[in-house]
Amino acid sequence: MSAMRIVVKVGSNVLTRPDGMPNVTNMSALVDQIAALHSAGHEIVLVSSGAVACGRGAIVPQRQLDAVASRQLYSSIGQIRLINLYNQLFGAYGIAVGQVLTQKENFSSRTAYLNQRACMLTMLENKVIPIVNENDTVSLTELMFTDNDELSGLIATMAGADMLVILSNVDGIYTGAPSDPESRLIEKVRPGEDPGEFVVASKSGFGRGGMGTKCGIARKVADEGVAVVIARGDRPNVLVDIIRNPGSVPHTLFEPSTEPLSNIKRWIAHSDSFAKGVIRVNAEAASILRSDRAVSLLPVGVTAIEGEWEEGDIVNVYDPEGRRIAAGRSAMSSRDAAVALGKHGHRPLIHYDFLYLE
Ligand code: GLU
C-alpha cells in the first residue's frame, strides 16, 4: 500500500483515566501503533487532547477558580506531562516528536495559515511527528476551537492529509444511542449523506466534543477530499488495522468526495467561525452565486457590509433571507467595499478562485 499522510486525533477520554492521571496503557498502545505506521513510511500528525485532564489530576488549586483560570492552570501543567510521556514513548522507537500548540487566530489570516502549514510540512519532511493541541493557556474562550475534533479537521485539511482518524470511546456513529442494543453501527457514509440525524446528544467524561460535533466535522472534512474514520481508541491495534485491514475492526468511514476543493477553498470552507466580516447580497447576486457558473462576487450585487476587515481577510456572504451562501477572501478592505457597494464598474469583491460556495 502506498504511503499515506494520516492525522490521528485522540481524545481526553482515551488518554486519561477517570482519576485524571494519564492512561499510560492506552498511550503506549497508541504510540506502538503510530511507530509501526511511521516505520512503514506513513506520515503521521497526532492531534492529542488531554492537557486539561492531565493537569486536573496533578494539582488542587489554592482557591476556587473560574472556568478560564482553571483551564489555563491545568493545561499549563498537563501539557508538559503529556508531551513528556509522548517524548519518552516515541523516544524508545528512536522517533522524534515536536510540539505544536496553536490557536484559532492562526487559521484566520492566510499568512498565519501558510506559516503554520509550512512548519508542519517541514516537520513531516524531517520524519518528525507533530503533536498538536490547542494552546489552552492563552486561548480566549470566545475564540477557542469548539473542541479538538474541530482542530483535527482543520489540521487534516491544512496538511493535505489522505485520512483523518478520530479515536473516541465508541466504535463510530450508531443509528441510535450506542448503549441501546437496537442501535446499529453505520459503517460507511457516502459523499452527500449526513448521518447527523442519528446522533444522540450525549457527551461523556473529560473531552469537550461529542458525537454530534465529530459527525459534522467528519462530513465537512470528507467533502474536502479527506477520508475520515471514527473508531474506538482503546481497541487493541485499532489504528494499524484501520490502515491495513479495515474489515477487521468496527468503525465508521466517511468516504472522501471525489471532487475535492483546492487548498485555498478548503481553508475558506472552514472559515465560518473566524471570518472578519459579513457581506449581504441582493436576490439576483445570490441566485447567480448559487448557479453552476464560475462567477466572482461583484460590488453591484452587495447591499450591505458589516464589520471591519483588510484586503485578503475572510468574509462570509449572506443572502437576503440571512442564510450564509458563501465565504471568500475579500479583494478589498471593508472601507473600499463600502465605497464600491451597489455600484457598477468595480473589480470583483471576491474573485471566483477565492470564493467558497455552500
Ligand atoms: N485542548 C484540550 C486539552 O488538551 C481538549 C479539548 C477537547 O476536549 O477537545 O485538554
Side-chain angles (χ1 to χ4, degrees), residues 7-24 26-27 30-31 45-59 61 65-87 89 97-107 116 129-156 158 164-170 199 201-218 220-221 228 230-234 270 273-274:
V7 174
V8 179
K9 186 263 165 176
V10 53
S12 305
N13 290 318
V14 178
L15 296 171
T16 37
R17 300 191 319 218
D19 64 0
M21 298 307 281
N23 187 328
V24 183
N26 283 355
M27 279 179 81
L30 182 74
V31 169
V45 177
L46 178 59
V47 177
S48 177
S49 308
V52 173
C54 280
R56 191 175 282 131
I59 191 170
L65 295 177
D66 63 30
V68 174
S70 54
R71 193 178 70 231
Q72 292 174 332
L73 176 69
Y74 293 146
S75 66
S76 69
I77 300 166
Q79 180 65 24
I80 308 183
R81 297 192 164 212
L82 203 63
I83 213 79
N84 264 333
L85 251 170
Y86 278 126
N87 193 38
L89 294 168
V97 295
Q99 174 176 257
V100 177
L101 292 177
T102 188
Q103 283 169 271
K104 207 154 201 176
E105 286 98 312
N106 295 346
F107 290 85
Q116 186 164 254
I129 296 186
I131 303 184
V132 187
N133 196 1
E134 179 164 13
N135 190 349
D136 292 297
T137 60
V138 291
S139 288
L140 298 165
T141 304
E142 59 279 16
L143 271 181
M144 281 171 74
F145 299 106
T146 318
D147 47 51
N148 273 9
D149 298 320
E150 183 187 18
L151 173 60
S152 69
L154 287 164
I155 295 287
M158 186 180 82
L164 165 65
V165 182
I166 299 181
L167 294 177
S168 166
N169 54 356
V170 285
V199 175
S202 69
K203 201 178 82 55
S204 59
F206 291 122
R208 280 211 299 274
M211 200 42 85
T213 347
K214 287 186 181 44
C215 201
I217 304 286
K220 205 163 180 173
V221 173
V228 184
I230 302 178
R232 187 173 166 138
D234 60 0
H270 276 287
S273 56
F274 51 72

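All ligand and atom numbering here is 1-based and tracks the order in the structure.
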Take I155 and L151, measure what side-chain contact (heavy atoms from CB on, under 4.5 Å) needs, and give me the verdict at the end. CA-CA 6 Å; I155 295 287; L151 173 60; 3.9 Å; yes
Within ligand 1, which atoms have a heavy atom of D147 less than 4.0 Å away? 9 (O)
N133 N/O to ligand 1 N/O under 3.5 Å: yes
Any atoms of ligand 1 less than 4.0 Å from a non-hydrogen atom of D136? List them with their elements. 1 (N), 2 (C), 3 (C), 4 (O)
Pairing donors with acceptors under 3.5 angstrom, does anything connect the side chains of T213 and E150? no
If you take the nearest heavy atom of each of C54, G11, S49, which one is closest to atom 5 (C) of ligand 1? S49
Listed partners of I83 passing side chain to side chain contact (heavy atoms under 4.5 Å, CB included), at least two apart: Q79, Q99, I131
Report yes if A53 has an N/O atom closer than 3.5 Å to an N/O atom of ligand 1; otherwise report no. no
If only side-chain N and O atoms count, and only distance matters, is there a donor-acceptor pair under 3.5 Å linking S152 with N148? no
Sub-3.5 Å donor-acceptor pair from the side chain of N26 to the main-chain atoms of V14, do we have one? yes
Below 4.0 Å from ligand 1: does a non-hydrogen atom of S75 turn up there or not? no
